[in-house]
Amino acid sequence: MASSPLIMRLVSASVAVSNRASGIIRDIMKSGNLGIVEKGKNDLQTEADRSAQRCIVASLHKRFPEVAIFGEEALDPSEKIPAEFLEHESDEYVLKQECPEYLRNVADEDVVIWVDPLDGTAEFTQGFLDHVTVLIGIAVKGNAVAGVINQPWYNYQNPDKPLGRTIWGVMGLGGFGFLREVPPKDKLIVTTSRSHSNMLVTETVHSLNPNEVVRVGGTGHKVLLLIEGKVHAYVFASKGCKKWDTCAPEAVLHAVGGCLTDLHGIKMNYAKDVQRQNTGGMLATLMNEEDHRGIVAKIPELAKDAMEQSSPAPELDFMGAKFGQNPQRGSNSEEKSNIPIGSNKVPSEEKKQAVDQSAVSPTPSTDSQGTTSSKSSQLSDSVQKETCTTKL
Ligand SMILES: Nc1ncnc2c1ncn2[C@@H]1O[C@H](COP(=O)(O)OS(=O)(=O)O)[C@@H](OP(=O)(O)O)[C@H]1O
Ligand SMILES: [Mg+2]
């Protein structure tokens, strides 16, 4: 039997290796020996970040030696990797899926893999374990086309259910491993950073007149909130986010018809020679291009002036569609056998709901209803509620 196209082999290997990395992260937390190192201001690294990266990069490199892989952590490439860190298996369910036509002949040299072995390190060290994700993003000619988001502590409050989950997606195929709900139509819920906030980050969020602000850790976690329909937009007016933070989340968003751009509305470039920082800030939505651009238009000039203009990825010929015109969208389930988001096999009712969602037109609120968090003093009067999930 002919082997699957490179992209599907990469995704299936990434799903399997993300599960192993997730187990390593949980084991290190259980051991209580986090080995915290301060890389810079407000920038931590733990033994879990290091070990998870060793596992992911070594496993993928062994199987795909010609593919460029960049991980967040600067580690010694010559160090010996323990045998139990190497994942040799692939996810069979991924391999059974059909590769979208436009990705069938991708060559090794067209691909860059961006790895954040533990997104949300600050929250990890503080015990906000459900904010943690493992991110493996796959870019083709600079475009984020496939990604895996593994959440090691999903279901931690429900011991009857399996701990952890793996969400993955391929642009043109769909997104798998999660349930999507239509977000509320009569309000605007915005998510942003919990641990890397400042006046500009906060003011930019408030300029959108949100009814609710959800401050949680991790880029992966926030994009999960977006694709599950718990928030309408993820806004971050900071240059601090890096390519390994955004590549996998952006790819999963693309797979379900969403988009991630800088605050000027320019899409990110994930080619191997790009600068690592997303200096244009970031905006992610699961809206159509017009609505996404509507949010971009509301970002204040002050925030745009403070951010650089990103150099966009070259246009990828995606089945004739351009950025924001990804026709895929639908519903999904945690069960692997269920219909993937983005599949053309989406039932019509689910399709309708999803289309309705894309037409969300936020109603600005003018009354202050009080807030629920200690950050409440920073909120503008229009914000009714600010939330932060509880510690384990
Ligand atoms: N220096 C700096 N400045 C501003 N923002 C930054 C910085 N470093 C990382 N990030 C943002 O931090 C989040 C996750 O990053 P990491 O996975 O590297 O972990 S850590 O929390 O920073 O330790 C993620 O966002 P939040 O979790 O929402 O804060 C990144 O976008
Ligand atoms: Mg990160």
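In listed order, ligands and their atoms are each counted from 1.
- The cationic atom of R165 (NZ for Lys, CZ for Arg) does not lie both less than 6.0 Å from the six-membered ring centre of F178 and within 45° of the ring axis.
- Near C241, the atoms of ligand 1 lying under 4.0 angstrom from a non-hydrogen atom of the residue are 31 (O).
- The residue from E47, E73, E84, E87 that alone fulfils the salt bridge (Lys or Arg N to Asp or Glu O under 4.0 Å) condition with R54 is E47.
- Listed by atom number, the atoms of ligand 1 under 4.0 Å from D116 heavy atoms are 17 (O).
- Note on E72 versus K242: no salt bridge recorded, every NZ/NE/NH1/NH2 to OD/OE distance being 4.0 Å or above.
- Interface atoms of ligand 1 facing G217, defined by a heavy-atom separation under 4.0 Å, are 27 (O).
- Every heavy atom of H131 sits 4.0 Å or more from the atoms of ligand 1.
- Each of the atoms 24 (C), 31 (O) of ligand 1 lies under 4.0 Å from some heavy atom of T219.
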Self-check item: S197 and R215: CA distance, side-chain angles, deciding distance, side-chain contact (heavy atoms from CB on, under 4.5 Å) verdict
Solution: CA-CA 9 Å; S197 194; R215 287 187 183 268; 2.9 Å; yes

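- Checked against a 3.5 angstrom limit, the closest N/O atoms of E123 and ligand 1 fall outside it.
- Contact annotation for K239 and ligand 1: no heavy atom of the residue comes within less than 4.0 Å of the ligand.
- An N or O contact shorter than 3.5 Å links E72 to ligand 1 by distance.
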Exercise. Take Q151 and L224 through the side-chain contact (heavy atoms from CB on, under 4.5 Å) test and state the conclusion after the steps.
Key: CA-CA 9 Å; Q151 195 175 24; L224 290 181; 3.6 Å; yes

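- Close N/O approach between K222 and ligand 1 is found [any backbone or side-chain N/O within under 3.5 Å].
- Between T121 and ligand 1, at least one pair of N/O atoms sits closer than 3.5 Å.
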Quiz item: Between V115 and I69, is a side-chain contact (heavy atoms from CB on, under 4.5 Å) present by the stated rule, with each step listed?
Solution: CA-CA 7 Å; V115 177; I69 307 174; 3.9 Å; yes

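- Atoms of ligand 1 found under 4.0 Å from any heavy atom of L118 (numbered from 1 in listed order, with element): 17 (O).
- Ligand 1 has an N or O atom lying under 3.5 Å from an N or O atom of A122, backbone or side chain.
- Counting all heavy atoms, side chain and backbone alike, L44 lies closest to E38 at CD2-CG, 3.8 Å.
- Within ligand 1, counting atoms from 1 as listed, the ones closer than 4.0 Å to a heavy atom of L44 are 23 (O).
- Which parts of ligand 1 touch F236 is read off a 4.0 Å heavy-atom cut-off, strictly below it: atoms 4 (C), 5 (N), 31 (O).
- Proximity to S238 (heavy-atom distance under 4.0 Å) selects the following atoms of ligand 1: 4 (C).
- Polar contact check, G218 against ligand 1: a nitrogen or oxygen pair lies under 3.5 Å apart.
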Quiz item: Passes side-chain hydrogen bond (donor to acceptor under 3.5 Å, both in side chains), N19 versus T166? Steps please.
Solution: CA-CA 7 Å; N19 288 327; T166 312; 2.7 Å; yes

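- Nearest residue to atom 29 (O) of ligand 1 from M282, H196, Q277, H221 is H196 (criterion: closest heavy atom).
- Under the rule for a salt bridge (Lys or Arg N to Asp or Glu O under 4.0 Å), E109 has no partner lying at least two apart in sequence or in another chain.
- Note: W168 and Y93 have perpendicular aromatic rings, judged against thresholds of 30 and 60 degrees for the angle between ring planes.
- Remark: ligand 1 and T192 share no N or O pair separated by less than 3.5 Å (distance only, no angle test).
- R276 meets the side chain to side chain donor-acceptor pair (under 3.5 Å) test with no other residue; sequence neighbours excluded.
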